[in-house]
Amino acid sequence: MSPRTVITFGTFDVFHVGHVRVLQRAAELGDRLIVGVSSDALNLAKKGRAPVFNEDERLEIISSLRVVDGVFLEESLEKKRDYILEQHADVLVMGDDWTGKFDWVQDVCDVVYLPRTPSVSTTGLIEHIAGLS
Ligand code: C2G
């Protein structure tokens with residue numbers, strides 16, 4: 001049987017334990033894990049602010065993880081199906097803040113939403129460090 005490829009996407013800015021856990025749990029669903037890291041431009045469009053760490057730094061961080069087998073730059077949410085086909089992915093994994101949002105790729109792969117780790121977020125960390133919370 002051919003290896004089962006898992007794909008997931010995210011900005012992974014100000015890398016934290018919620019990111020580690022979703023990547024570990026995604027990796028457990030298959031034999032290899034490929035991660036699409038959101039470009040700086042996509043993050044700006046999605047969240048209205050530039051990431052703290054730029055896309056090259058975030059790609060470097062994610063590709064250094066033991067559970068990650070490959071990375072690429074995600075430039076558009078609408079290209080999700082193209083990325084899945086290019087990477088020969090069998091299953092798309094996303095955190096449950098995205099529940100239902102990517103069901104439209106179910107014609108090309110399985111789609112799994114995993115529960116988010118509570119009480120930690122990039123936005124919360126930025127506000128904490130900035131002294132706002
Ligand atoms: N995550 C999590 N628990 C947290 C925070 C994040 O499980 N406490 C998960 C998210 O659900 C997501 C991944 O970590 O699956 C990356 O989170 P973000 O960097 O916030 O990703 P996002 O900017 O939402 O980008 O194509 C979709 C996007 O690229 C997702």
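Everything numeric in this text was worked out from a predicted model, so none of it was measured. For ligands, and for the atoms within them, numbers begin at 1 and follow the listed sequence.
Other residues, nucleotides and ligands contribute at most 12 non-hydrogen atoms within 6.0 Å of the CD atom of Glu60.
Note on Asp97 versus Arg116: salt bridge recorded, some NZ/NE/NH1/NH2 to OD/OE distance being below 4.0 Å. Taking 4.0 Å as the cut-off between side-chain N and carboxylate O, Glu74 and Lys80 count as a salt-bridged pair.
Evaluation of the side chain to side chain contact (heavy atoms under 4.5 Å, CB included) rule for Gln87 yields Ile7, Ile34, Phe72 as partners, not counting sequence neighbours. The side chain to side chain contact (heavy atoms under 4.5 Å, CB included) search around His16 returns His19, Val120, Thr122, Leu125, not counting sequence neighbours.
Among pairs with a residue in residues 36-58, those fulfilling salt bridge (Lys or Arg N to Asp or Glu O under 4.0 Å) read Asp40-Arg58, at least two apart in sequence or across chains.
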Distance dump, ligand 1 polar atoms to protein, N/O, under 3.5 Å:
residue  : atom   : partner : partner atom : Å
ligand 1 : 3 (N)  : Thr117  : N            : 3.1
ligand 1 : 8 (N)  : Thr117  : O            : 2.7
ligand 1 : 8 (N)  : Val120  : O            : 2.7
ligand 1 : 11 (O) : Asp97   : OD1          : 2.7
ligand 1 : 15 (O) : Gly95   : N            : 3.1
ligand 1 : 19 (O) : Thr11   : N            : 3.1
ligand 1 : 19 (O) : Phe12   : N            : 2.8
ligand 1 : 20 (O) : Lys47   : NZ           : 3.3
ligand 1 : 21 (O) : Thr11   : N            : 3.4
ligand 1 : 23 (O) : Thr11   : OG1          : 2.7
ligand 1 : 23 (O) : Lys46   : NZ           : 3.1
ligand 1 : 23 (O) : Lys47   : NZ           : 2.6
ligand 1 : 24 (O) : Trp98   : NE1          : 3.0
ligand 1 : 25 (O) : Lys46   : NZ           : 2.9
ligand 1 : 26 (O) : Glu74   : OE1          : 3.4
ligand 1 : 26 (O) : Glu74   : OE2          : 2.6
ligand 1 : 26 (O) : Lys80   : NZ           : 2.4
ligand 1 : 29 (O) : Ser38   : OG           : 2.9
ligand 1 : 29 (O) : Lys46   : NZ           : 3.1
ligand 1 : 29 (O) : Glu74   : OE1          : 2.7

